[in-house]
Amino acid sequence: MAAIGVLSVQGAVSEHIDLIRRCGAEALPVKKPADLKRLDGLIIPGGESTTIGSLMKIYGLNDAITVRHHEGMAVFGTCAGMVILARELLDGYREQPRLALMDIIVRRNAFGRQKESFEAPVLVKGIDTPVEGVFIRAPVIVEAGNAVEVLAAREEGIVAARQGKLLAVSFHPELTDDLRMHRFFLEMCRA
Amino acid sequence: MKEQSTYRVKKGMAQMQKGGVIMDVTTPEQAKIAENAGAVAVMALERVPADIRSAGGVARMADPEIILAIMETVSIPVMAKVRIGHFAEAQILEELGVDYIDESEVLTPADEQYHINKHLFKVPFVCGARNLGEALRRISEGAAMIRTKGEPGTGNVVEAVRHTRMVMEQIRQAVYTPDDELVVLAKELGVSLELLKKVKQEGRLPVVNFAAGGIATPADAALMMQLGCDGIFVGSGIFKSADPAQRAEAIVQATLHYNDPAVLAKVSRGLGEAMPGLEISSLAHADRMQERGI
């Protein structure tokens, strides 16, 4: 059984844990570097990316996650998690603490403020019918490097992408009963 | 193909705040301090509750000028308060583009009978509650997030503890009440049977539940998290203390590591003077904000 950690700093942690368990994998909360041992994959949940990023740094999680990723641990970022994974952030957020593992340029709050938040189906490459997309003050990828495979896009930008063992989506599969994005990630962890 | 502001989106926004601290601020400078300390959102106000208490008179929605200045300064969500039942103030806040509206007993109520019909808005609402009945009534009206009322502006956590324990106790009661007796419990609580069934099924409130009203120290935040709250509102506690930036950071870390006494001991050290507190029994009945909007 795959062991999947959920970064438990802030945000939709219990929702991800619930979905991973429903996929039949083991789910473990990650608060400190020691919690990363023996994980096959790590999910960075939705939440506030500034809060998650700065607390990760204070508790030494940034370096520890990077090391574990280079040893083969897959990482999946949803919404704020996408921001945390981005190599580059637009609109003056360049200094915001993050992992910067993925070769993507991300715009935060790309759809506007909360009242512009919405739901829309998303057709993801590799999944046969659209998944439920819940977009909350969501970011988008405005530019992706050559190693990045675009999995889904809207007119505002790329909303799902993969680079090796990294996966990033703008929306919140953890707020739905649709397990397919999580299953997709579990497949990546096994590869 | 695109559905805006569904209840799932409104409720989901609060889920993204879980495990975090939402701080009251009155200026863009304070908002920046809060953001740098790791706040998940700020509540834009003209006065913090402790000052509303001492100023007296009618407390209203903040000047849009203040709210907009704060929105321009930070990238985290900005919340703002309206008076209970004052849907016109809420329309104004929605127009400004605030991310969450707090229909709050901290301000002077505009309607003593009815709360705002929150279903009509695109912006999500948070409301205060002292017990399960109040919480579920607010959810019926469209609230997408609940917080304890506590006793705002006192720096005294006792009322927030009372309200959290009360909600938890009543949830346990719902869980153990057999289906055929649930109608009577719904009637006693003054809530819809459908919502009560949901509480029984899930063993928790159907929306995110934060602690608010009297939280002043990292230990207070840890206490409320251990009692089962999803996150923390700090009102006067930060900017009425001696060293707001350091205290804000300490409360954020205490909320994350709420069950790790070693971290709590470390972040509690040398914070300087906390806000001056108020004994609840010293408050006249009319000064108890928690009695507003039940």
Side-chain angles (χ1 to χ4, degrees), chain A residues 7-16 29 31-32 45-59 78-80 83 89 91-93 96-97 108-109 111-123 130 132-138 154-156 171-172 174-177, chain B residues 1-22 34-42 71 74-79 93-101 121-125 144 204 208 230-232 249 252-253 255-260 262-263 267:
Chain A
L7 186 71
S8 182
V9 166
Q10 188 273 315
V13 176
S14 60
E15 291 81 353
H16 273 298
K31 280 199 175 188
K32 294 188 168 162
E48 283 310 315
S49 62
T50 48
T51 308
I52 296 175
S54 58
L55 287 167
M56 279 171 76
K57 200 174 158 191
I58 292 173
Y59 289 94
T78 62
C79 193
V83 176
L89 297 179
D91 308 322
Y93 301 121
Q96 188 179 318
R108 291 183 52 193
N109 302 336
F111 299 89
R113 303 196 72 98
Q114 174 59 22
K115 65 177 176 180
E116 273 86 43
S117 294
F118 64 97
E119 294 187 31
V122 184
L123 189 58
E132 289 179 58
V134 181
F135 295 80
I136 298 176
R137 288 169 49 96
R154 295 176 55 88
E155 56 180 296
E156 297 87 351
F171 47 94
H172 294 284
E174 76 274 20
L175 295 184
T176 71
D177 289 316
Chain B
M1 283 301 261
K2 183 169 163 177
E3 259 191 292
Q4 222 147 334
S5 302
T6 59
Y7 192 59
R8 183 156 68 174
V9 161
K10 293 178 177 177
K11 211 174 107 169
M13 162 68 190
Q15 285 167 274
M16 298 310 138
Q17 305 266 296
K18 283 194 306 176
V21 182
I22 300 168
E35 185 176 47
N36 290 339
V40 290
V42 291
M71 284 167 57
V74 293
S75 67
I76 53 177
V78 176
M79 302 186 171
L93 290 187
E94 178 168 85
E95 182 59 33
L96 296 178
V98 304
D99 297 294
Y100 234 95
I101 296 175
F121 289 79
K122 282 190 263 174
V123 175
F125 279 73
R204 57 157 295 143
V208 165
D230 294 314
I232 304 289
E249 250 175 64
V252 167
Q253 292 193 40
T255 303
L256 164 60
H257 291 291
Y258 65 87
N259 49 11
D260 186 337
V263 174
V267 302

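Protein chains get the first letters and strands the later ones, always in sequence-line order, with residue 1 at the start of each. These numbers come from the heavy atoms of this one structure, side chains and all, not from hydrogens, waters or symmetry mates.
- Side-chain contact check for A/F118 versus B/S5: every heavy-atom pair is 4.5 Å or farther apart.
- Using a 4.5 Å cut-off on side-chain heavy atoms (C-beta onward), A/L55 and B/H257 make no contact.
- Under the rule for a salt bridge (charged side-chain N to carboxylate O under 4.0 Å, His left out), A/R108 has no partner lying at least two apart in sequence or in another chain.
- A salt bridge does not link A/K115 to B/D99: none of the charged side-chain nitrogens sits closer than 4.0 Å to a carboxylate oxygen.
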(message) Could you walk me through whether B/V263 and A/K31 satisfy the side chain to side chain contact (heavy atoms under 4.5 Å, CB included) test, starting with their C-alpha distance in whole Å, then the side-chain angles of each, then the deciding distance to 0.1 Å, before giving a yes or no?
(response) CA-CA 12 Å; B/V263 174; A/K31 280 199 175 188; over 6 Å; no
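- The shortest side-chain heavy-atom distance between B/P77 and A/E48 falls under the 4.5 Å cut-off.
- Annotation: maximal heavy-atom pairing with chain B below 4.5 Å, among A/K32, A/R113, A/H172, occurs at A/R113.
- Of the atoms belonging to B/E249, not a single heavy atom falls under 4.5 Å from chain A.
- Judged purely by atom type and a 3.5 angstrom limit, A/Q10 has no side-chain atom pairing as donor or acceptor with the backbone of B/T255.
- Highest contact tally toward chain A, considering only B/E35, B/Q253, B/K11, is held by B/Q253 [criterion: heavy-atom pairs under 4.5 Å].
- If you measure heavy-atom distances from A/I52 to chain B, you find no contacts under 4.5 Å at all.
- Remark: the backbone N or O of B/V9 is not paired with any side-chain donor or acceptor of A/S117 at under 3.5 angstrom.
- Two residues are said to be in side-chain contact when any heavy atoms from C-beta on lie closer than 4.5 Å; A/C79 and B/M16 fail this criterion.
- Between B/R8 and A/E132 a salt bridge is recorded (basic side-chain N to carboxylate O distance below 4.0 Å).
- If you measure heavy-atom distances from B/V21 to chain A, you find no contacts under 4.5 Å at all.
- With a threshold of 4.5 angstrom between heavy atoms, B/D260 approaches chain A through side-chain atoms but not through N, CA, C or O.
- No more than 12 heavy atoms of other residues, nucleotides or ligands shown are found within 6.0 angstrom of NZ on A/K57.
- A donor-acceptor contact under 3.5 angstrom links the side chains of A/S14 and B/K18, judged on distance only.
- Your options are B/K122, B/Q4, B/Q17, and the one with the most heavy-atom pairs under 4.5 Å with chain A is B/Q4.
- Interface residue A/E174: only side-chain heavy atoms are found under 4.5 Å from chain B.
- Interface summary for chain A: among B/G19, B/P124, B/S75, the most heavy-atom pairs under 4.5 angstrom belong to B/S75.
- Within the 4.5 angstrom heavy-atom criterion, only backbone atoms of B/A39 (N, CA, C, O) approach chain A.
- Contact count versus chain A (heavy atoms, under 4.5 Å) is highest, among B/A41, B/G97, B/G20, for B/G97.
- Under the 3.5 Å distance criterion, with hydrogens and angles disregarded, a donor-acceptor pair is assigned to the side chains of A/E15 and B/Q15.
- Among all heavy-atom pairs drawn from B/G38 and A/S54, the shortest one is CA-OG, 4.4 Å.
- Residues passing the ring-ring contact (aromatic ring centres under 6.0 Å, His included) test with B/Y7, sequence neighbours excluded: none.
- If you take CD1 on B/I76 and OG1 on A/T51, they are separated by 6.5 Å, rounding to the nearest 0.5 Å.
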